[in-house]
Amino acid sequence: FTQYMKSTSLRLSDVEKAHLDRYCELTERTLSDVLRQYIRSLSIDGALNPLDRLAIPPDAHRSDRARGSWRVS
């Protein structure tokens, strides 16, 4: 199984770019790493992200799943 990485572009003001660059410097992380982590934290359909669906316990109640109110720890 090979996973291909996609790329995207992002328009930022000079101030936003400087802020992001400084954050990356302070946390000693790459721009890609910081943005990927942020994207993964976004909530979609009641789950943190599609990868977190694997962490949902099999005994979660069907009514909870229908409402999208899973709790992932």
Side-chain angles (χ1 to χ4, degrees):
F1 168 64
T2 303
Q3 182 178 6
Y4 295 97
M5 301 295 282
K6 304 286 185 182
S7 66
T8 190
S9 63
L10 176 66
R11 294 177 186 258
L12 300 172
S13 69
D14 290 340
V15 172
E16 291 168 332
K17 178 66 167 104
H19 185 81
L20 184 56
D21 288 343
R22 182 69 177 134
Y23 181 84
C24 291
E25 182 181 319
L26 290 171
T27 59
E28 298 180 347
R29 295 167 53 211
T30 66
L31 174 68
S32 292
D33 184 43
V34 168
L35 294 176
R36 272 194 300 270
Q37 181 183 11
Y38 176 73
I39 290 167
R40 290 174 181 153
S41 74
L42 300 175
S43 177
I44 300 173
D45 295 332
L48 293 178
N49 73 56
L51 298 176
D52 288 335
R53 291 182 188 273
L54 300 175
I56 297 167
D59 60 344
H61 299 289
R62 290 180 189 262
S63 61
D64 289 343
R65 283 182 275 180
R67 288 192 310 269
S69 60
W70 295 310
R71 291 182 186 263
V72 179
S73 52

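Computed from a prediction, not measured in an experiment: that's the story for all the values here.
- Residue pairs meeting the salt bridge (Lys or Arg N to Asp or Glu O under 4.0 Å) criterion with at least one partner in residues 19-32, sequence neighbours excluded, are K17-D21, R22-E25, R29-D33.
- In this structure, the separation between CZ on R36 and CG on L31 is 9.5 Å, given to the nearest 0.5 Å.
- Residues satisfying the side chain to side chain donor-acceptor pair (under 3.5 Å) criterion with S13, sequence neighbours excluded, are E16.
- Cluster annotation: Y23 is connected to L10 through the hydrophobic network of ILVMFWY side chains, with a link wherever side-chain heavy atoms come within less than 4.5 Å.
- Under the side chain to side chain contact (heavy atoms under 4.5 Å, CB included) criterion, T8 pairs with no residue, sequence neighbours left out.
- Atom CD1 of residue I39 and atom OG of residue S32 lie 9.5 Å apart, to the nearest 0.5 angstrom.
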